[in-house]
Amino acid sequence: MSGRVLVGVKRVIDYAVKIRVKPDNSGVVTDGVKHSMNPFCEIAVEEAVKLKEKKLIKEVVAVSCGPQQSQETIRTALAMGADRGIHVEVAGKDYETLGPLQVSKIMAALAKKEDAQLLILGKQAIDDDCNQTGQMTAALLDWPQGTFASEVSLDGDKVKVVREIDGGLETIKISTPAVLTADLRLNTPRYATLPNIMKAKKKKIANVKPADLGVDLTSRLEVLKVEEPPQREAGVKVETVEDLVGKLKETGRI
Amino acid sequence: MAPKFCVLYVMTYVHVLTLAVSVNRSQEIPAAGLAFYHRLIFIMALRSAVGRLLINPHRCAIVSASRSQGTAAPARHDAEKTQQKSKAPKVQFNWRDALDLEGQLTEEEIMIRDSFRTYCQEKLMPRILMANRHEVFHREIISEMGELGILGPTIKGYGCAGTSYVAYGLIAREIERVDSGYRSVMSVQSSLVMHPINAYGTEEQKQKYLPKLARGEILGCFGLTEPNHGSDPAGMETRAKYNPSSRTYTLNGSKSWITNSPLADIAVVWAKCDDGKVRGFILERGMKGFSTPKIEGKFSLRASATGMILMDEVEVPEENLLPNVSGLGGPFGCLNNARYGIAWGSLGAAEFCFHAARQYTLDRIQFGVPLARNQLMQKKMADMLTDITIGLQSCLRLGRLIDEKKAAPEMISMLKRNNCGKALDIARQARDMLGGNGISDEYHIIRHAMNLESVNTYEGTHDIHALILGRAITGLQSFTVDK
């Protein structure tokens, strides 16, 4: 086994920022807005670095698809302990329509090229909430998948994954190479230490174009409109339970 | 009965909308974690079911609904709209970073600052309220900071990061944004304990102490000030007598106002030797005659433990002497190192007070309008913004000069004096702007105001630095009454 783990990290609008919809309803405002690494991707990086510290794997490679600024996200991953980075340059129109299908094609191509033993992604991104990239990548590679992982343990050439599902926790054992997606309780990401931030400067980030990987970025989706949720309307106070039931029937709720 | 209730409910809701709008108006993009925190303070203040309404992230909808209501702070222009392809893009004034300090920092410095800011807001901020109220020093924070590698950051080797002085300043600013007491602990460990060992110690001493200090495994303190000699360290009464037979020094004397001393494992103590020169000694916990009682009744820097160092015939082996410096240049070198960090740090505290006062005056409605609508409030905030922005620019310049080895001590004196004095004024003003709520530690400003009294005083009082500068300006010293 190569002992190499690929981790996907996505640059998203910071979770604490208040989102504003563009006036033309074509999307959200991203210019001048604070961006950071997707929280679930942070958890994925932390898990990969932990595996390396336990000496179960040898190398952690952070991958991000996006414009120039995605390099900052890769640097953060390097500061957390990844060994090197790969920046897949996607800019302009292509970046606006970049979605799980395209990213999973890129990830699949890279996983094969880098001979990865594991591909760890965040379960979903906090901007689109798709929760698709991990699953699509596994399908494209025909690799087993351990999604919504809240616990991961390597056992020889198998991986035991405890998954958080609606009914509770499901434990599966899958063989490597495999795709894992990180859920919230998998770990608590570390703060990048000062020495590691300084070391991150020296680590390499390779530049790759999607065309080099033979990936076609055309999107099958078109965003028609983005709008804010409906405004909260004034409530109405009722006197009795009968009134309440009456009102609910009136508005067609029951 | 029913209609009356409906009206009441709607009126309350409208009132809530107004509040919600003013909260929204003030949450501008980019709203860093700090804005989230302000939201939290506001929620705590309301403490009702109504408050829970405002945590709803879909509040943006309320903004568009009530745009018709004229309110104090207008919504910010969409950055995209104002950009024209033919002309240069219109520059939006950013009150959070008025002279674009961000653009002057390297990518690494930004990463360091952001990473450390997250730690401070997530791990230090939750502790500080109770730590300050009950005067508890959390020893663990030094270990946590050690893990993050930010102790002694400018030292190269020995497990230290070896960053630039600008990065050190940014780190100090982030900690002091939470509390000056925590920053004092970090400053003492980094600049007043690790620095003298690194600058004046032997290789053995460096190997013995620096890695442990860097990890936060051991805590150090700096013993210069005495009960009877604060601004005039040259007059110190602590004596170190050399014993040739045992190759030790016997130290006698007392030091006061020593940050960290009650829990310190080692102390870098400055004492006058037989030849009348001041030298530095490393004392260790456990040495006979060495005790560190805590100073009680402190109403400043309560989250940091301060005490005395009492030395009663303490036998210090000569290996513990710092050999590479004699005279007051030794302690002053350390103090300058710390003062630089304080120049940055005090602005962090000032920034917190400024932002908190701004948020409070936007939220608080009196006479039907937010307090921030009043000219007196706006003037105060304008003064705060100016002092902080100019202060930060000067800190950046000083940091770069130090990194280029082109800085003189008087430069550091000038900035420490200016920034601490201004920060204290800002904190006091901000406290006033919050009215009665300003004296509650839940709003944090009173704690900063209390702390900055010490910060303005220690490491050279405001007046003493004035004399340092006066001497540099005129060539005439006015510290003593003799010529």
Side-chain angles (χ1 to χ4, degrees), chain A residues 13-24 26-37 39 42 68-69 71-80 126 188-202 227-240 243 247, chain B residues 1-2 5-6 8-10 13-14 24 27-37 39 53 56-66 75-76 78-81 83 92 94 106-108 110-112 114-116 118-119 122-123 144 147-151 153 159-163 167 171:
Chain A
I13 296 181
D14 188 83
Y15 77 91
V17 168
K18 221 178 61 73
I19 309 293
R20 281 188 189 221
V21 175
K22 284 192 205 162
D24 60 358
S26 63
V28 299
V29 175
T30 53
D31 271 350
V33 174
K34 181 163 194 270
H35 284 69
S36 51
M37 191 192 291
E42 278 178 13
Q68 189 63 22
Q69 295 96 319
Q71 295 211 3
E72 290 162 21
T73 315
I74 301 179
R75 284 255 176 258
T76 310
L78 295 175
M80 282 173 76
I126 60 171
T188 311
R190 63 193 60 193
Y191 297 105
T193 70
L194 191 51
N196 280 342
I197 293 176
M198 302 194 58
K199 276 190 220 148
K201 230 184 356 189
K202 302 195 188 93
E227 51 187 15
E228 285 169 8
Q231 16 165 308
R232 197 190 160 109
E233 287 161 3
V236 173
K237 243 189 156 160
V238 292
E239 288 290 290
T240 67
D243 285 350
K247 274 252 181 287
Chain B
M1 242 355 221
F5 267 124
C6 288
L8 244 168
Y9 186 80
V10 167
Y13 187 65
V14 165
N24 283 326
Q27 309 297 354
E28 293 171 339
I29 294 161
L34 219 48
F36 178 71
Y37 179 69
R39 227 178 289 158
L53 228 172
N56 186 338
H58 298 304
R59 270 198 339 272
C60 47
I62 304 178
V63 173
S64 32
S66 13
R76 222 178 76 148
D78 194 350
E80 279 208 305
K81 248 202 275 199
Q83 282 196 13
Q92 195 77 29
N94 180 6
T106 65
E107 194 194 301
E108 184 183 83
I110 292 176
M111 234 199 311
I112 293 172
D114 285 347
S115 171
F116 196 56
T118 315
Y119 163 73
E122 287 180 6
K123 287 277 145 88
E144 284 171 23
E147 264 174 49
L148 288 171
I150 55 109
L151 296 174
C160 303
T163 66
I171 289 170

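A, B, ... follow the sequence lines: proteins, then strands. Residue 1 opens every chain. Predicted, not measured: the structure shown is a model, and the values here were computed from it.
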Response to the item:
Under 4.5 Å to a heavy atom of chain B? For A/Arg190 that would be neither

Give the minimum heavy-atom separation between [X] and [Y], together with the two atoms involved.
X	Y	result
A/Tyr191	B/Leu148	CB-CD2, 3.3 Å
A/Leu194	B/Pro153	CD2-CB, 3.7 Å
A/Ala79	B/Met111	CB-SD, 4.2 Å
B/Gly149	A/Pro195	CA-CD, 3.8 Å

Worksheet entry | chain A contact via B/Glu107 - side chain, backbone, both or neither, heavy atoms under 4.5 Å | side chain

Worksheet, complete the sentence: Between the CD1 atom in B/Ile110 and the CZ atom in A/Arg75, the distance rounded to the nearest 0.5 Å is 13.0 Å

Worksheet item: So how far is it from A/Thr193 OG1 to B/Ile112 CD1, rounded to the nearest 0.5 Å?
Response: 10.0 Å

